Structures are given as C-alpha cells and as structure tokens.
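For reference, the structure is listed below as structure tokens.
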Amino acid sequence: MADQENYSERTDQAHRLRQLVLQRDSDELHASGSTHVIAVTSGKGGVGKTFLAVNLSIALAARNHRVILFDMDMGLANADIVLGVQPNFTWNDVLKGRRSLDDIMVQGPGQIAFVPASSGIAHMADLSEFERYQLRLAMHQIECRYDVVILDCGAGISQNVVGFASSADTVLVTATPEPTAITDAYAMIKTFAVDPAGNIYNCSGSSSIGVLVNQAESRREGCETYERLAQVAARFLHLPVSDFGYILRDDHVSAAVRQRCPVILRYPRCSASTCLMAVAGKLAHELGQPESSKSLFYRVMNMFL
Ligand SMILES: Nc1ncnc2c1ncn2[C@@H]1O[C@H](COP(=O)(O)OP(=O)(O)OP(=O)(O)O)[C@@H](O)[C@H]1O
Ligand SMILES: [Mg+2]
C-alpha cells in the first residue's frame with residue numbers, strides 16, 4: 001500500500017514536471033541552447049550506471065564532443081573513484097555558495113570535465129531556495145561550453161532522479177537481464193508515461209527514452225532484454241523506447257575499477273570497451289539529430305517544480 005502511494009506520488013511529480021515543461025515551451029525562458037543532456041538512470045541499484053556514465057563520457061569525448069560528466073548521485077556519489085580523481089570540493093560547496101562550478105570542476109581522464117558530488121548530503125528535494133538558486137546559476141555558467149552533459153543519476157525513482165531525468169534530452173534506462181532489473185527499469189520508464197490517475201498521457205515533446213542493457217552474457221541476451229522492455233512499454237504505455245544496445249559482462253570492468261581507471265582507457269580492446277564504443281556511436285547519432293532548443297538553464301529551472 002505504502003509502495004503504491006509512493007509510486008503514485010512519483011508519477012505525479014513526473015507528470016507535473018512534464019506538464020510544466022511543455023507549458024513553458026512557448027515562454028521566453030525557452031532561450032536557445034545547444035547542450036545535449038543525457039541522463040543515465042535505472043530503477044534497480046548496482047546495474048552499472050556509474051560505469052556507463054563514466055565510460056560513455058570518455059567514448060563521446062574521443063569522438064570530439066566536449067563532454068562534462070555530473071555526478072548527480074547526491075546520496076552515494078562514487079564516479080570520482082571510477083575516474084580515479086580526488087576532488088577537493090563537491091556540489092555541496094556550490095550549493096552552499098562557497099564555490100563556483102568552475103572551482104569544483106576537475107579535469108577527468110580522457111578529456112572530460114567532471115563535477116563531483118559527495119556522499120551523504122541532503123537530497124536535492126530538500127534544497128532550500130538559496131541552494132536551488134545556486135544550482136541554476138552554476139548550470140548557467142557552463143551553458144555553451146559543452147556539447148554534451150552526462151548525468152550519473154542515483155538508483156530508483158525518487159523525486160531527485162525523476163527531476164534530473166525529466167530535464168534530459170535523452171534518458172538512458174539501464175537494465176541488466178535479471179528479471180528484477182527489468183521490472184525496475186520498466187517502473188522507471190513508466191514514470192514518463194503515466195499520470196497520477198494511472199492514465200497514459202501524450203508524451204510528445206518529452207525526452208527520448210532508450211534502453212541500454214548491461215552485463216549481458218551474449219548479444220542475443222542483450223537483444224532479448226531490450227525486446228522484452230520495448231514490447232511491454234509499447235503494449236501498456238504506448239511509449240516508443242529506443243535501442244541503445246548492450247554491454248557484455250566482462251571481468252575487465254571490475255579489474256579497471258580496482259585500478260581506479262576507466263575500463264575504456266585501461267583495457268580499450270576488451271569486450272566491454274568494444275560494446276561501449278558501439279553504444280557511443282548510437283548516442284553520437286542521436287546528438288546529431290535536431291535537438292530541443294531548451295537551454296540548460298531553462299531545464300534546471302524546471303527540475304524541481
Ligand atoms: N559490464 C559489466 N561487466 C562486469 N561488471 C560490471 C559491468 N558493469 C558494471 N559492473 C560492475 O557492477 C558493479 C556496479 O556498477 P556501478 O557502480 O556502475 O552501478 P550503479 O548502477 O552506478 O550502482 P548505484 O545504483 O549504487 O549507483 C561494479 O562493481 C561494476 O564494476
Ligand atoms: Mg552509481
């Protein structure tokens with residue numbers, strides 16, 4: 001019962017966010033911007049979001065995109081460990097008004113910029129007016145300096161995650177072939193398609209949603225997992241879900257984490273890295289598409305409405 005209430009609260013938030021974003025499309029706030037935002041989300045925790053966000057950032061940078069990676073997992077931030085960087089400051093310092101985004105931003109490996117978060121700070125949903133203002137201001141500062149913003153989101157469908165994902169042009173929903181991960185990925189996708197009363201509403205103009213299957217044992221398992229999710233989304237939500245491919249399960253991934261070096265740099269020829277390059281190719285194709293002209297500033301303004 002509590003779960004049901006929580007779920008309806010979340011879909012309510014997602015619905016409200018979408019309505020507001022659509023409603024404001026014609027406002028003058030709808031200033032032009034060219035930064036493409038990709039949110040890496042899941043549903044279930046531990047399915048590989050951080051691994052994907054870090055390595056896809058580097059793969060896109062290798063294709064000459066100017067990429068900035070934001071650790072948005074305010075509860076359990078750890079992208080800095082996977083990247084092998086030791087930041088002195090975090091989002092927390094920006095939100096408190098002690099530092100600017102430029103102060104906390106660090107150069108990551110593979111030509112990416114990285115904005116670190118710290119573990120255990122208050123959830124974004126609890127931010128004060130002042131902190132929200134700081135976040136908007138910080139985002140505004142980096143507008144136009146990057147082609148791609150990648151958000152490494154936390155697990156689940158909290159207000160935080162739904163807010164960040166709703167601000168993105170592309171939502172990458174990560175799932176492993178395990179039934180629990182598939183169920184949770186579907187719950188994440190559902191927040192984009194169902195209003196508080198459980199009605200399916202028109203998603204035109206919303207972010208493009210895609211599935212990325214991680215830790216597949218084979219190409220076939222990757223494709224079947226995508227098909228399963230795409231079919232239920234089409235049948236029950238009437239929502240098209242793109243296929244962003246699959247990443248094979250590969251022991252080089254955890255070996256690279258232990259060495260605090262992104263796998264795509266440490267083991268560029270391993271099977272996981274080869275899959276990552278293929279996914280980056282699909283994303284690059286998406287980046288080439290005409291994108292929404294919402295400025296990053298505009299999107300952040302709507303994250304918490
Ligand atoms: N393709 C893969 N092959 C083998 N191991 C993998 C693969 N992808 C991820 N892993 C391992 O799975 C674990 C979880 O990965 P990661 O931390 O990226 O997940 P997450 O979704 O970000 O977790 P959280 O929900 O806690 O943020 C890590 O130990 C990582 O090394
Ligand atoms: Mg993570």
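This is a predicted model, so every value here is computed, not measured. As the structure lists them, so they are numbered: ligands from 1, and atoms in each ligand from 1.
Distances from atom 7 (C) of ligand 1 to the protein include at least one heavy-atom value under 4.0 Å. In this structure, atom 29 (O) of ligand 1 has no protein heavy-atom contact shorter than 4.0 Å.
Contact annotation: the side chain of Val115 approaches that of Trp91 to within less than 4.5 Å [non-hydrogen atoms, C-beta and beyond].
For atom 11 (C) of ligand 1, the closest heavy atom belonging to the protein is Gln215 NE2, 4.2 Å. Scanning the protein heavy atoms around atom 16 (P) of ligand 1, the nearest turns out to be Gly48 CA, 3.7 Å. Nearest protein neighbour of atom 31 (O) of ligand 1, counting heavy atoms only, is Val253 CG1, 3.6 Å. Protein heavy atom closest to atom 20 (P) of ligand 1, with residue, atom name and distance, is Lys49 N, 3.4 Å. Looking from atom 18 (O) of ligand 1 to the surrounding protein, the closest heavy atom is Phe51 N, 2.9 Å.
Using modelled atom types, no side-chain atom of Tyr246 and backbone atom of Glu217 make a donor-acceptor pair closer than 3.5 Å. Checked by atom type and distance alone, the side chain of Asp71 pairs as donor or acceptor with a backbone atom of Asn78 at under 3.5 Å. Without hydrogens or angle criteria, Asp93 side chain to Arg98 main chain gives no donor-acceptor distance under 3.5 Å. Looking only at distances, a side-chain donor or acceptor of Asn214 sits under 3.5 Å from a matching main-chain atom of Val47.
Exactly one of Glu178, Arg249, Glu221 qualifies for a side chain to side chain donor-acceptor pair (under 3.5 Å) with Gln215. That residue is Arg249.
A donor and an acceptor atom, one from each side chain of Lys49 and Ser42, are located under 3.5 Å apart. In summary, the side chains of Asn92 and Ser118 do not present any donor paired with an acceptor at a separation below 3.5 Å, with no hydrogens or angles considered.
Comparing Ser271, Gly46, Ser254 against atom 23 (O) of ligand 1, the shortest heavy-atom distance belongs to Gly46.
The shortest N or O to N or O distance between Val47 and ligand 1 is under 3.5 Å. At a 3.5 angstrom cut-off on N or O pairs, Arg249 does not count as close to ligand 1. Considering backbone and side-chain atoms alike, Val257 places every N or O at 3.5 Å or more from each N or O of ligand 1. Polar contact check, Thr50 against ligand 1: a nitrogen or oxygen pair lies under 3.5 Å apart.
Considering CD1 of Ile38 and CG of Leu56, their distance stands at 8.0 Å, rounded to 0.5 Å.
Ligand 1 places these atoms under 4.0 Å from at least one heavy atom of Gly45: 25 (O). Each of the following atoms of ligand 1 lies closer than 4.0 Å to a heavy atom of Asp73: 27 (O). Listed by number with element, the atoms of ligand 1 under 4.0 angstrom from any heavy atom of Ala155 are 25 (O).
Residue contacts with ligand 1 do not include Asp251, since none of its heavy atoms lies under 4.0 Å from the ligand. Assignment of Asp250 to the shell around ligand 1 is supported, since a heavy atom sits closer than 4.0 Å.
By the 4.0 Å N-to-carboxylate-O rule, Arg220 lies close enough to Glu224 to be salt-bridged with it. The pair Arg260-Asp80 fails the salt-bridge criterion, with no side-chain N (NZ, NE, NH1 or NH2) lying under 4.0 Å from an Asp/Glu carboxylate O.
The distance from the Mg ion (ligand 2) to the nearest N/O/S atom of Thr50 is under 2.8 Å.
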